[in-house]
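Worth saying up front: this structure is predicted, and the values here are computed from it rather than measured. Just the heavy atoms: all of them, side chains too, but no hydrogens, waters or symmetry mates, feed the values below.
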Amino acid sequence: MNLLFANDRRAAYPESWYAATSTPLPPFPVAKGEMRADVCIIGGGYTGLSAALHLAQRGLDVVLLEAHRVGFGASGRNGGQVGSGQRVDQVTLEKLVGRDDARKLWDIGEEAKGLVRGLIDRHGMDAGWRSGIVHACWQEGEVREAHVYAEKLARDYSYDQVEPLDRAALRAIVPSPAYQGGEIDHGAGHVHPLRFALGLARAAAEAGARLFERSLALEITRGAVVRVKTDTGAVVTADHLVLACNGYLGQLMPQVAARVMPINNFIVATEPLGDRVGEVLTRDVAVADSKFVVNYFRLSEDGRLLFGGGESYGYRFPADIAAVVCKPMLEVYPHLKDVRIDYAWGGTLAITMNRLPAFLRPAPNILSASGYSGHGVAMATLAGKVLAEAVAGQAEKFELLARLPIRRFPGGAALRNPLLVLAMTWYAMRDRLGI
């Protein structure tokens, strides 16, 4: 089964709060006939759209193929959080790649945040940047670790935007009985993810990129030039190919798929809370907590709680997404048991074994970036720029990211998913037991 069609109607955005509060772009054409380009991009999410924009701005002829609509996948469905650094903390990175490369990776993460804000401002996107992400801890030991980490960032990385929060200070912002303390990163932020994706698409098209929707890439033929066939009968011939498929790659490029695993995550939007908004958040910040299967939430512009939680690892979304998400939501906010759920939706993202992004070069003229592991709003957007730079011959950042040790998932194509389910079930059980 193809994940692109397992849970969604073709070329239709999911019935999410994001889709309900966005103005869709007029449909881009379906790819037809023979086309020649400098670069062909497969995938119309943040990575592909950012790559298209930055390549077109360099004067290259770009064709982008999207199976559904631009921003259709995880880029238009996620929690909207634009976090600092990488998905993996700097202590872990220093042990993994050394202090010099860890510093470079931190700087890349900071550049990614700045790129998102800069693109929103430069292109007049209605993406609604708002500052502040709270890290909320369930255990007192996690609070101590968070405060030590804030000190490290200030001391070793000159990043003084993280404010430690004790239990009272955390609850003054997040009035939940679940959390023991944490921190707030004033330099991070959150956006309306679908509006941001649509803004990238508009900017890429205005820069001269040729965007095609409802055009599924079926087959890639490698060589000095790359040929991509679509289900619409089109054939795109290009000097370079950029794979920007993330969780929807399937087996289009097996050597990438072996290192990047799709998983599903889910979000609900409550009814507008009105005077009860203060029972959820007292400041307009986003929150992510310390569970392995992370709970993440924020307020919408019309006063709803947007709450993400729960995962699944097969092709199909659960039949009752609201029930899946309401379980962790009510653990955090038990007083919301009488609140109506107006929207519930799922999306497919991609993870790697160590939660670091997978930058790969399957062939000299084929580049891929994916596996952002829940840190994709910033990193996927920057990845598109990094891929564009590499195509243009400026590959320093790409090579740094490509050096990250991204191992294959064990078990081969047949056993990768069952083994992932076993591992994730173990960690989810640890969450429930509080260990």
request  = Please test Y149 against Q90 for side-chain contact (heavy atoms from CB on, under 4.5 Å), starting from the C-alpha separation and ending with a verdict.
outcome  = CA-CA 9 Å; Y149 187 59; Q90 293 303 118; 3.4 Å; yes

ask   = Run the side-chain contact (heavy atoms from CB on, under 4.5 Å) check on R36 and V235 step by step: do they pass?
value = CA-CA 9 Å; R36 184 70 171 84; V235 177; over 6 Å; no

query = Could you walk me through whether L281 and V287 pass the side-chain contact (heavy atoms from CB on, under 4.5 Å) check?
reply = CA-CA 9 Å; L281 286 168; V287 183; 3.7 Å; yes

message = Evaluate L252 against L218 for side-chain contact (heavy atoms from CB on, under 4.5 Å), listing each step before the verdict.
response = CA-CA 7 Å; L252 194 60; L218 293 177; over 6 Å; no

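Contact of the F28 side chain with the L64 side chain is not registered, since no non-hydrogen atoms from C-beta on lie closer than 4.5 Å. No side-chain heavy atom of D160 sits under 4.5 Å from any side-chain heavy atom of H186. At a threshold of 4.5 Å between non-hydrogen side-chain atoms, the residues L105 and V97 count as touching. Contact annotation: the side chain of D107 approaches that of R103 to within less than 4.5 Å [non-hydrogen atoms, C-beta and beyond]. Under the 4.5 Å side-chain criterion, counting only non-hydrogen atoms from C-beta, L243 is in contact with I220. Inter-residue side-chain proximity for M261 and T352 is flagged as unmet; no heavy-atom pair is nearer than 4.5 Å. Using a 4.5 Å heavy-atom cutoff, the side chains of Y159 and W106 are in contact. Between K397 and E111 the shortest side-chain heavy-atom distance falls below 4.5 Å.
Within the 3.5 Å criterion, the main-chain N or O of I406 finds a donor-acceptor partner in the side chain of R259. S22 places no side-chain N or O within donor-acceptor distance of the main-chain N or O of P24, the cut-off being under 3.5 Å. Checked by atom type and distance alone, the side chain of H54 pairs as donor or acceptor with a backbone atom of S50 at under 3.5 Å. Not a single donor-acceptor pair under 3.5 Å links the side chain of S215 to the backbone N or O of V30. Side chain of D185 to backbone of G83: no donor-acceptor contact under 3.5 angstrom is found. T270 places a side-chain N or O within 3.5 Å of a backbone atom of L305 that can act as its donor or acceptor partner.
Under 4.0 Å is where a charged nitrogen must lie from a carboxylate oxygen, and between R227 and E219 no such pair does. Salt-bridge formation is not detected for the pair D231/R214: no Lys NZ or Arg NE/NH1/NH2 atom is positioned less than 4.0 Å from an Asp or Glu carboxylate oxygen. No salt bridge links R130 with E301; every basic N to acidic carboxylate O contact stays at or beyond 4.0 Å.
Between Y343 and E15, the side chains place no donor N or O within less than 3.5 Å of an acceptor N or O (distance only, hydrogens not considered). Between the side chains of N264 and Y315, not a single donor N or O lies within less than 3.5 Å of an accepting N or O. A donor atom on one side chain and an acceptor atom on the other are found under 3.5 Å apart for S84 and K113.
Atom CZ of R407 has 12 or fewer heavy atoms from other residues, nucleotides or ligands within 6.0 Å. Environment of CD in E396: sparse, with no more than 12 heavy atoms of neighbouring residues, nucleotides or ligands closer than 6.0 Å. By the neighbour-count criterion of 12 heavy atoms within 6.0 Å, atom CG of D320 is densely surrounded, having more than that number from other residues, nucleotides or ligands.
Checked options L349, V325, N78; the residue passing with N265 is L349 (criterion: side-chain contact (heavy atoms from CB on, under 4.5 Å)).
For residues 259-279, the ring-ring contact (aromatic ring centres under 6.0 Å, His included) pairs, not counting sequence neighbours, are F266-F317. Counting only residues at least two apart or in different chains, ring-ring contact (aromatic ring centres under 6.0 Å, His included) contacts with residues 361-387 are absent.
In terms of the ring pair (Phe, Tyr, Trp, His ring centres under 6.0 Å) criterion, residue partners of H192 (sequence neighbours excluded) are, by chain and number, W17, Y18. Residues passing the ring pair (Phe, Tyr, Trp, His ring centres under 6.0 Å) test with Y179 are W138, sequence neighbours excluded. Here A286 pairs with Q81, I133, H190, R298 under the side chain to side chain contact (heavy atoms under 4.5 Å, CB included) rule; sequence neighbours left out. With sequence neighbours excluded, the residues that form a side chain to side chain contact (heavy atoms under 4.5 Å, CB included) with D342 are E271, P272, R304, R340. With sequence neighbours left out, E279 forms a side chain to side chain contact (heavy atoms under 4.5 Å, CB included) with R276, H335, L336. For D126, the salt bridge (charged side-chain N to carboxylate O under 4.0 Å, His left out) test picks out R195, with sequence neighbours left out. Scored by the side chain to side chain contact (heavy atoms under 4.5 Å, CB included) test, R117 finds W129, S131 as partners (sequence neighbours excluded).
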In residues 376-394, what donor-acceptor pairs under 3.5 Å come from side-chain atoms, sequence neighbours left out?
| from | atom 1 | to | atom 2 | distance (Å) |
| --- | --- | --- | --- | --- |
| T381 | OG1 | V377 | O | 2.6 |
| Q394 | OE1 | R58 | NH2 | 2.8 |

Can you list, pair by pair, the side-chain donor-acceptor contacts under 3.5 Å of residues 363-370, counting residues two or more places apart and other chains?
| from | atom 1 | to | atom 2 | distance (Å) |
| --- | --- | --- | --- | --- |
| N365 | ND2 | G223 | O | 3.0 |
| N365 | ND2 | A224 | O | 3.3 |
| N365 | ND2 | D239 | O | 3.2 |

Show me the side-chain donor-acceptor pairs of residues 65-77 shorter than 3.5 Å, one per line, residues at least two apart or across chains.
| from | atom 1 | to | atom 2 | distance (Å) |
| --- | --- | --- | --- | --- |
| E66 | OE1 | G44 | N | 2.8 |
| E66 | OE2 | H68 | N | 2.8 |
| H68 | ND1 | A11 | N | 2.9 |
| H68 | NE2 | L4 | O | 2.6 |
| R69 | NE | E213 | OE1 | 2.7 |
| R69 | NE | E213 | OE2 | 3.1 |
| R69 | NH2 | L25 | O | 2.8 |
| S75 | OG | Y46 | N | 2.8 |
| R77 | NE | F72 | O | 2.8 |
| R77 | NH1 | D8 | OD1 | 3.2 |
| R77 | NH1 | G346 | O | 2.9 |
| R77 | NH2 | D8 | OD1 | 3.2 |
| R77 | NH2 | D8 | OD2 | 3.3 |
| R77 | NH2 | F72 | O | 3.1 |

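Smallest separation of non-hydrogen atoms from G309 and V324: O-CG1, 4.5 Å. Taking all atoms of both residues into account, the shortest heavy-atom contact from S373 to R87 is O-NE, 2.9 Å. A pairwise comparison of heavy atoms in V174 and V134 identifies CG2-CG1, 4.3 Å as the closest pair. Across L3 and Y248, no two heavy atoms sit closer than the pair O-CE2, 3.6 Å. Residues V280 and P175 approach most closely at O-CD, 3.2 Å, considering heavy atoms. Shortest non-hydrogen contact noted between V116 and F196 is CG1-CZ, 4.0 Å.
Note: N295 CG to D289 CG = 4.0 Å, rounded to the nearest 0.5 Å. To the nearest 0.5 Å, atoms CG (L200) and CG (L49) are separated by 5.5 Å.
Y333 and F297 have perpendicular rings, their planes meeting at more than 60° on a 0 to 90° scale where under 30° would count as parallel.
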